[in-house]
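Worksheet: the structure to be examined is printed underneath.
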Amino acid sequence: MNPGDNKEFIRKIRLALGYRSQGGRTFSGVFPDGRAEESVELIRRIKNRGPDERQWLLARLIEEAKALNMMVVPVKDAQSAAKQIAKVAQEKETEWGGPKRVIAWEHPLIERMKLNRELQKKGIPLDFTIPGPAGMGTDMVRERVIASYIGVTSAEFCVASSATLVMKTRPGQPRSVSLVPTIHMAVIEQDQIIADLRELYALLKWDPYHKEEGLTNCMTFITGPSKTGDIELILIHGAHGPKELYLYVITG
Amino acid sequence: MSEIRTEYYRDGARKAQQDPVLQSALAAAQSRIGGATAKAYMDFPEGPGLRLLGHDIRMKAIENLDILLETLVENIQKKGGHVHFAKDGREATEYCKEIALSRGVRRVVKGKSMVTEEIGLNSALMEEGIKVTETDLGEFIVQLAGEHPSHIIAPAVHKTRREIGKLFSEKLGIPYTTDPPTLTQAARKALREEFLSADMGISGCNLACAETGHITTVSNEGNIRMATTLPKIHVVFMGMERIVARLEDHDILLRLLATGAAAQKMAVYVSYIGGPRTPGQQDGPEEFHLIILDNGRSRILADEEFREILCCIRCAACLNVCPVYGKIGGHAYGHTYCGPIGAVLTPLLVGVNRAKDLCMGETLCGACQAACPVNIDIPRMLLSLRAKLADGDPQWSVTRSSLMEKAFYMAWAGMVRDRRMYELALRAVSGAQKLLPRREGWVHRLPPPFHGWSIHRDMKPVSGKSFIRRWSETHGRRGEGGNEPR
Ligand code: SF4
């Protein structure tokens, strides 16, 4: 609170390390950006990936996800994803009672799906987390994610080697949609699948778009549905977060 | 657990070994997780050598901690977060209390955090009439039972499903069951209500990233995401050493952490949190406070012998392979950190003399270092602590733990340097030992002050002849036997 305290704290660390002052050390001097050129090259390769390699990555992702009880469903276009989601929505029951309700991110890909139409056929209402004064505010988002049994989001990337979805928090894309409802469904396009964490960190740091935006104030990696082993090491899904996780990959 | 019970290590260890439930729980936990980790290290695309790289990254961060913290603070403040440095546990809890009281906080939900255990945060908040709920399932069980965690990442490993069933039926009012899914669902329901009604969420920090200005939280259950998303205020407690410089360091360390902790490729949830909700965002806390804690760490940092222990990323891999932890469990260690990491860290935090049994109790087998995802040389530091206990050390205010032992070893050192004295002593001992009780030819009990050595083992009787003498009898004198090495 008191900036003087902070100085004193840092000074104590310096002394412990045997320095009287910064000692000519600067952040970027001591810790130069690692892998800059290598990362740019890697990103170029990712963007130019051929169809065979993309297919292989999808297969890898499906395999990795299986071990985590995460469902990866390839679909040929956005509308098919919506149909699939509506089908699951019809089959599943709500966890906490009350009528069925679905909440989805305001996102171009989800918009393209025409999810509303498919869900309407099943009589299930859908809310979009539209930002801005005309859309949903914090209280409304909170109330609706609590009332919904399915949350639909997209993601920035999906890492094949560990089946990890990467999401940023933005207006229109609140983080609670992937957390509070009982079932989380994510929709991505196949070219959002990347090979491994190395590629992910390269993209997050060096891809011009992400470099400009930063990680946002909350970036989350999601690898499978929530789980616990705290009772006699027995694996159970749905400790606090979603019990089920579906990922629809639009292959085009 | 701010209460320090390290003096009762022996008692605790004895009791633990007589507890069959605990023994089988520990054996199961170690065999399930311990072995899998070693195999998982082999599967890194970079090979098991990644551990060494992880060590270097951590060590370099520790050696430039001042710069990293300054950078982190600057970046977090830019995003509207508040940062507070606390020199000890009291300052940290006071700060948190002040935020809570000034905002009228009544209910707090917590994600698992060892550092808040270390400073006894829960009881400090509860004294103010604030309800504090641990939300990690294991921690929740332990809190309901009025106990303390016994493992860094599996806090309720010592409890059986029957005990948990009984506990839940008493405290949560559900019908008695031993079915883990039903029990988990009951906790899910009870805790969901807590998450939705809490005014403040408290989490720890796994590893901050200075470059971007984020803390990270890691969990499989999703409780930390709930606690850091739903309440209006998020308070983070971070040990000052839990930081690395660059985003690319996280690529390596997060993989090491997930592998060391549970042989996973990745934990279910990893979040990078860098400040409060920004304009236009529709969820997340309105306030973000980061409390960075020293509490004895700068003293460890100042000593090059022990600095390395600050590289620890609290994955608990060392617990899962330690033969001592596997027998005595976590509670015997008498403070927040248990197992090999605790055996080094606790004495340095609470006083070496006070916690001397912790470092004496470990076997120096080296399993911890081999399992450690950042290859921390725990055995070396255990030995250093023992050396301090043997010789005393004013810098750490260590007094000699046993004058008698020291005197004995000095006498021994003098004796073995003198051939004649040694031969004489051997003969004297071999004569005297005839009076000692034997079992199948082995000495069964030694007289005081040496009796400690024979409590759990029989000893071979001392030979009346020295090795040199015997050698010359069987192989002849120097030069005669033709077996001279040269
Ligand atoms: S010492 Fe190593 S193995 Fe033990 S908790 Fe720390 S990082 Fe994990």
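Predicted model only: the values in this text are computed from it and were never measured. Naming: A, B, ... by sequence-line order, numbering from 1 per chain.
With a threshold of 4.5 angstrom between heavy atoms, B/Ile300 does not approach chain A through any atom at all. For A/Ile146, the parts lying under 4.5 angstrom from a heavy atom of chain B are both the backbone and the side chain. In this structure, no portion of A/Leu235 lies under 4.5 Å from any heavy atom of chain B. With a 4.5 Å cut-off on non-hydrogen atoms, B/Arg188 touches chain A through its backbone and its side chain both. Proximity to chain A (any heavy atom under 4.5 Å) is shown, for B/Pro45, by neither the backbone nor the side chain. Contact annotation for B/Ile164: only side-chain heavy atoms (C-beta onward) come within less than 4.5 Å of a heavy atom of chain A. Both the backbone and the side chain of A/Val180 come within less than 4.5 Å of a heavy atom in chain B. Looking at B/Arg255, only its side chain comes within 4.5 Å of chain A, counting heavy atoms on both sides. Looking at B/Ile252, only its side chain comes within 4.5 Å of chain A, counting heavy atoms on both sides. Proximity to chain B (any heavy atom under 4.5 Å) is restricted, for A/Arg170, to the backbone atoms N, CA, C and O. There is no contact between B/Arg297 and chain A, counting heavy-atom distances below 4.5 Å. Within the 4.5 angstrom heavy-atom criterion, only backbone atoms of A/Thr26 (N, CA, C, O) approach chain B. Residue B/Glu304: no heavy atom, backbone or side chain, is found under 4.5 Å from chain A. With a 4.5 Å cut-off on non-hydrogen atoms, B/Glu46 touches chain A through its side chain but not through its backbone. Residue contact with chain A, scored on non-hydrogen atoms closer than 4.5 Å, is absent for B/His158. Heavy atoms closer than 4.5 Å to chain B are found in both the backbone and the side chain of A/Val30. Within the 4.5 angstrom heavy-atom criterion, atoms from both the backbone and the side chain of A/Ser176 approach chain B. Both the backbone and the side chain of B/Leu247 come within contact range of chain A, judged by heavy atoms closer than 4.5 Å. Heavy atoms of B/Thr229 lying under 4.5 Å from chain A belong to its backbone as well as its side chain. Within the 4.5 angstrom heavy-atom criterion, only backbone atoms of B/Ala86 (N, CA, C, O) approach chain A. Using a 4.5 Å cut-off between heavy atoms, B/Ala245 touches chain A through backbone and side chain atoms alike.
For the atom pair CG of B/Leu254 and OG of A/Ser162, the computed distance is 10.5 Å after rounding to the nearest 0.5 Å. If you take CD1 on A/Ile222 and OH on B/Tyr269, they are separated by 6.0 Å, rounding to the nearest 0.5 Å. Interatomic distance, OG1 of B/Thr71 versus CZ of A/Phe31, reported as 8.5 Å (0.5 Å rounding).
A/Asp33 has a carboxylate O that lies under 4.0 Å from a charged side-chain N of B/Arg246, or vice versa, which qualifies the two as a salt bridge. Contact check on A/Lys227 versus B/Glu221 returns no salt bridge, with no Lys/Arg side-chain nitrogen under 4.0 Å from an Asp/Glu carboxylate oxygen. Here A/Glu95 does not pair with B/Arg192 in a salt bridge; the nearest charged N to carboxylate O distance is not below 4.0 Å. A salt bridge is defined here as a Lys NZ or Arg NE, NH1 or NH2 lying under 4.0 Å from an Asp or Glu carboxylate O, and B/Lys265 with A/Glu64 meets this definition. Note on A/Glu232 versus B/Arg161: salt bridge recorded, some NZ/NE/NH1/NH2 to OD/OE distance being below 4.0 Å. Between A/Glu8 and B/Lys87 there is no salt bridge, since no side-chain nitrogen of the basic residue lies less than 4.0 Å from a carboxylate oxygen of the acidic one. Ion pairing between B/Asp66 and A/Arg11 fails under the 4.0 Å rule for side-chain N and carboxylate O.
Under the 3.5 Å distance criterion, the side-chain polar atoms of A/Arg14 are left unmatched by any main-chain donor or acceptor of B/Ile67. Looking only at distances, no side-chain donor or acceptor of B/Asn220 sits under 3.5 Å from a matching main-chain atom of A/Thr228. Between the side chain of A/His240 and the main chain of B/Arg225, no donor-acceptor pair closer than 3.5 Å is present. With hydrogens and angles ignored, the 3.5 Å screen pairs a side-chain donor or acceptor of A/Arg142 with a backbone N or O of B/Leu230. Judged by distance alone, the side chain of B/Gln282 and the main-chain N or O of A/Thr129 form a donor-acceptor pair under 3.5 Å.
Of the listed residues (B/Lys60, B/Arg32, B/Arg307), the greatest number of heavy-atom pairs within a distance under 4.5 Å of chain A belongs to B/Lys60. Heavy-atom pairs under 4.5 Å with chain B were tallied for A/Thr164, A/Asp196, A/Leu197, A/Ile234; the largest tally goes to A/Leu197. Considering only heavy-atom pairs separated by less than 4.5 Å from chain B, the leading option among A/Val141, A/Val159, A/Leu179 is A/Leu179. Heavy-atom pairs under 4.5 Å with chain B were tallied for A/Gly132, A/Gly238, A/Pro242; the largest tally goes to A/Gly238.
Between B/Tyr272 and A/Phe221, the two ring planes are tilted [angle within 30° to 60°].
Of the N and O atoms on the side chains of A/Arg25 and B/Asn64, at least one donor lies less than 3.5 Å from an acceptor on the other residue.
Contact check for B/Glu211 versus A/Phe27: side-chain heavy atoms found under the 4.5 Å cut-off. Within the 4.5 Å cutoff, the side chain of A/Asn217 has no heavy atoms near those of the B/Pro276 side chain.
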